[in-house]
Amino acid sequence: MTNDQASTSQPAAATEQRTGLFTGSFDPFTIGHDDIVRRALPLFDRLVIGVVEANANKHHSLSADERRQQIARLYRDEPKVEVRVYSSLAVELAKSIGARYIIKGVRSVKDFEYEREQAEVNRQISGVETLLLPADPRLAAISSSMVRELAHFGYDVTPFLPKQ
């Protein structure tokens with residue numbers, strides 16, 4: 001067997017790229033979101049941040065493309081990160097990019113129960129697994145809605161946002 005033959009006979013799993021998907025509205029993308037991304041990066045060869053285009057339950061202050069651009073700037077020096085806008089179910093995006101895992105951060109028991117239920121449905125309808133990462137306790141009180149509310153009332157929210 002030649003060296004060329006030996007190198008091409010590796011099992012598919014050994015060369016398969018591990019892709020994770022971190023989804024959310026990210027309006028705005030907070031230091032809590034950044035913490036989840038940074039902790040998930042070592043687990044994957046590629047991490048796609050999926051910015052949901054519209055959420056019927058939320059009013060977005062920035063367009064999906066503006067949110068995508070801000071996040072992409074933040075990770076411009078991280079080759080493993082890609083940012084995409086999507087408007088379908090997260091599992092549909094996961095399938096289209098070859099992700100077998102969705103990553104979600106959980107800040108509280110309430111978040112955990114919601115995300116656990118979503119994870120079960122996602123697994124049943126698509127086979128995509130969900131990894132729940134608990135928030136760093138120092139960041140657990142930070143939410144996008146809290147940051148938007150503080151900004152609305154004129155408070156400086158820069159301590160809650162990643163440095164660009």
Side-chain angles (χ1 to χ4, degrees), residues 9-72 74-75 78-148 160-162:
S9 64
Q10 291 180 8
T15 59
E16 185 178 312
Q17 187 178 51
R18 293 174 315 205
T19 300
L21 174 62
F22 180 41
T23 62
S25 58
F26 306 125
D27 186 25
F29 191 84
T30 69
I31 56 176
H33 296 128
D34 181 56
D35 181 63
I36 296 296
V37 168
R38 304 249 179 231
R39 290 168 47 209
L41 271 173
L43 304 174
F44 299 98
D45 301 312
R46 175 177 167 229
L47 183 63
V48 176
I49 300 173
V51 178
V52 70
E53 188 158 354
N55 184 328
N57 299 324
K58 297 180 181 182
H59 169 73
H60 298 292
S61 60
L62 298 172
S63 73
D65 195 54
E66 289 170 316
R67 289 177 274 145
R68 182 196 60 75
Q69 288 175 28
Q70 285 182 347
I71 297 166
L74 181 62
Y75 297 105
E78 177 49 69
K80 289 169 52 171
V81 172
E82 179 183 327
V83 186
R84 291 192 182 194
V85 172
Y86 72 103
S87 58
S88 59
L89 290 175
V91 293
E92 294 301 321
L93 176 59
K95 284 186 206 174
S96 74
I97 64 170
R100 293 179 28 212
Y101 301 96
I102 294 174
I103 297 97
K104 298 299 280 189
V106 291
R107 297 174 294 128
S108 65
V109 171
K110 181 181 169 185
D111 280 357
F112 176 81
E113 282 301 318
Y114 176 79
E115 296 299 349
R116 184 194 59 76
E117 289 172 1
Q118 288 252 315
E120 180 60 30
V121 170
N122 286 342
R123 189 167 50 78
Q124 286 181 19
I125 66 173
S126 70
V128 174
E129 291 288 350
T130 301
L131 301 177
L132 301 178
L133 294 180
D136 180 317
R138 297 169 294 175
L139 306 175
I142 300 168
S143 69
S144 293
S145 57
M146 181 269 303
V147 172
R148 281 195 313 274
F160 306 112
L161 305 176

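For this chain, numbers begin at 1 and follow the sequence in order.
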**Report entry** Among Ile31, Asp35, Ile36, side-chain contact (heavy atoms from CB on, under 4.5 Å) partner for Asp136
**Finding:** Asp35

Query - Pairwise distance CG(Leu133) to CG(Leu43) - rounded to 0.5 angstrom - result: 7.0 Å

Query raised in the report: Is any side-chain heavy atom of Leu62 less than 4.5 Å from a side-chain heavy atom of Gln70?
Result: yes

Query raised in the report: Thr23 and Lys104: which non-hydrogen atoms are nearest, and at how many Å?
Result: O-NZ, 3.1 Å

Query raised in the report: Using a distance-only test with no angle check, is there a side-chain donor-acceptor pair under 3.5 angstrom linking Gln124 and Glu120?
Result: yes

Query raised in the report: Between Ser25 and Val51, which heavy-atom pair has the shortest distance, and what is it?
Result: O-CG1, 4.0 Å

Query raised in the report: Would you say Thr130 and Gln118 make side-chain contact, with heavy atoms under 4.5 Å?
Result: no

Query raised in the report: With a cut-off of 6.0 Å (strictly less than), are more than 12 heavy atoms of other residues, nucleotides or ligands near CZ of Arg107?
Result: yes

Query raised in the report: At what distance, to the nearest 0.5 angstrom, does OG of Ser61 lie from CD of Glu66?
Result: 8.5 Å

Query raised in the report: What's the spacing between His33 NE2 and Asp27 CG if we round to 0.5 Å?
Result: 10.0 Å

Query raised in the report: Would you call Pro42 and Lys80 a side-chain contact if the rule is heavy atoms closer than 4.5 Å?
Result: no

Report task. Hey, could you give me the OG/CZ distance between Ser126 and Arg100, rounded to the nearest 0.5 Å? Result -> 12.0 Å

Requested in this report: Without swapping roles, check the side chain of Arg148 against the backbone of Ser143 for a donor-acceptor pair under 3.5 Å.
Outcome: no

Query raised in the report: So, Arg46 side chain and Glu82 main chain: donor-acceptor pair closer than 3.5 Å or not?
Result: no

Requested in this report: Starting at NZ of Lys95, measure out to CG of Leu21 and round the result to the nearest 0.5 Å.
Outcome: 13.0 Å

Query raised in the report: Is there side-chain contact between Ser144 and Thr30, with heavy atoms separated by less than 4.5 Å?
Result: yes

Requested in this report: Could you check if a side-chain atom of Leu47 sits within less than 4.5 angstrom of a side-chain atom of Ile103, using non-hydrogen atoms only?
Outcome: yes

Query raised in the report: Should Phe44 and Leu131 count as side-chain neighbours, where that means a heavy-atom distance under 4.5 Å?
Result: yes

Query raised in the report: Say you draw a straight line from CD of Glu129 to CZ of Arg123; how long is it, rounded to the nearest 0.5 Å?
Result: 5.5 Å

Requested in this report: Work out which heavy atom in Ala99 is nearest to a heavy atom in Gly20; give both atom names and the distance.
Outcome: CB-C, 4.3 Å

Report task. Assign the ring pair Tyr75 / Phe29 to parallel, tilted or perpendicular, where the plane angle (0 to 90°) is split at 30° and 60°. Result -> perpendicular

Query - Nearest atoms (heavy-atom pairs only) where Leu93 meets Gly50 - result: CD2-CA, 4.1 Å

Report summary line: All heavy atoms of Leu139 vs all of Gly32, minimum pair found to be CD1-CA, 4.1 Å

Report task. Indicate yes or no: at least one non-hydrogen side-chain atom of Tyr86 is less than 4.5 angstrom from one of Val52. Result -> yes

Query raised in the report: Quick one: does Glu92's side chain have a donor or acceptor within less than 3.5 Å of a partner on Leu89's backbone?
Result: no

Query raised in the report: Any donor-acceptor pair under 3.5 Å linking the side chain of Arg84 with the backbone of Val48?
Result: no

